[in-house]
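These notes are about the structure you will find just below.
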Amino acid sequence: MGRLRADAERSMRAIMAAAEDVLSASPVATMEQVAEAAGVARATVHRRFASREALIEAMEVTAWREILQAVHAARPHTAPPLVALHQATAGILQIKPAWRFTLARQVPLSTEAQAVQAEVMALCEEVFGKLLGPGTDLVWARQVYLALLGEAAHGTPPAGQDPDALATKVIDTLMYGVQRRA
């Protein structure tokens, strides 16, 4: 399939953004409600996305690709691990709030989104391996990190705070616990 025209791509993004808002408010919302929120005809939504599931799958792939781009932009293979982790965390904290409904799923619907998610998780564990050293339970470190990331992105009061400041809080808590460092 060729590259979509710019206006068609904007239309798809607008539909996905509207779907994110509508589905966050009501997870059982219909395609008609999404079309209304996007300000487009129902036929436009159905032309772009064959079904509600196809729309959610497209949202998942888009969200996970954005996160993967943020992780790659942090240079996980070449930057010092703590720098890479901080930059990736700040980038993810800028992305996550826009995809709250979509990223809340434990397992994405589509195999494509699952593959992108797996790549993100592998890069995360690679950085943790460099940062935390041998003998560290990398799966547990990743789970703790993801929980902290979720709280930073959606919890209160930190939500809306500067992504760099939140990234520092997440990493400091992961590395040192909740006690203040001297």
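Numbering of residues begins at 1 and proceeds along the displayed sequence.
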Check: [Y] and [X] side chains under 4.5 Å, non-hydrogen atoms:
X    : Y    : value
H77  : E126 : yes
T89  : Y145 : yes
F101 : V22  : no
T44  : S11  : yes
L146 : Q143 : no
M31  : F49  : yes
T62  : R13  : yes
L174 : F128 : yes

Do the side chain of [X] and the main chain of [Y] share a donor and acceptor less than 3.5 angstrom apart?
X    : Y    : answer
E20  : T102 : yes
K130 : P76  : yes
T136 : G133 : yes
R48  : E9   : no

So how far is it from I67 CD1 to Q117 CD, rounded to the nearest 0.5 Å?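 Result: 8.5 Å between the selected atoms.
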Going from CZ on R10 to CD1 on I15, what distance comes out if it is rounded to the nearest 0.5 angstrom?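 It comes to 13.0 Å.
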If hydrophobic clusters are built by linking Ile, Leu, Val, Met, Phe, Trp and Tyr wherever their side-chain heavy atoms come under 4.5 Å apart, do V83 and V170 end up in the same one?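 Cluster IDs for V83 and V170 differ.
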Is it possible for you to say whether L138 and I92 belong to one hydrophobic cluster, with membership spreading through side-chain heavy-atom contacts below 4.5 Å? yes
Have W99 and E66 got a donor and an acceptor in their side chains that come within less than 3.5 Å? yes
Using every non-hydrogen atom in the two residues, find where L131 and M175 come nearest and quote the distance to one decimal. CD2-SD, 3.8 Å
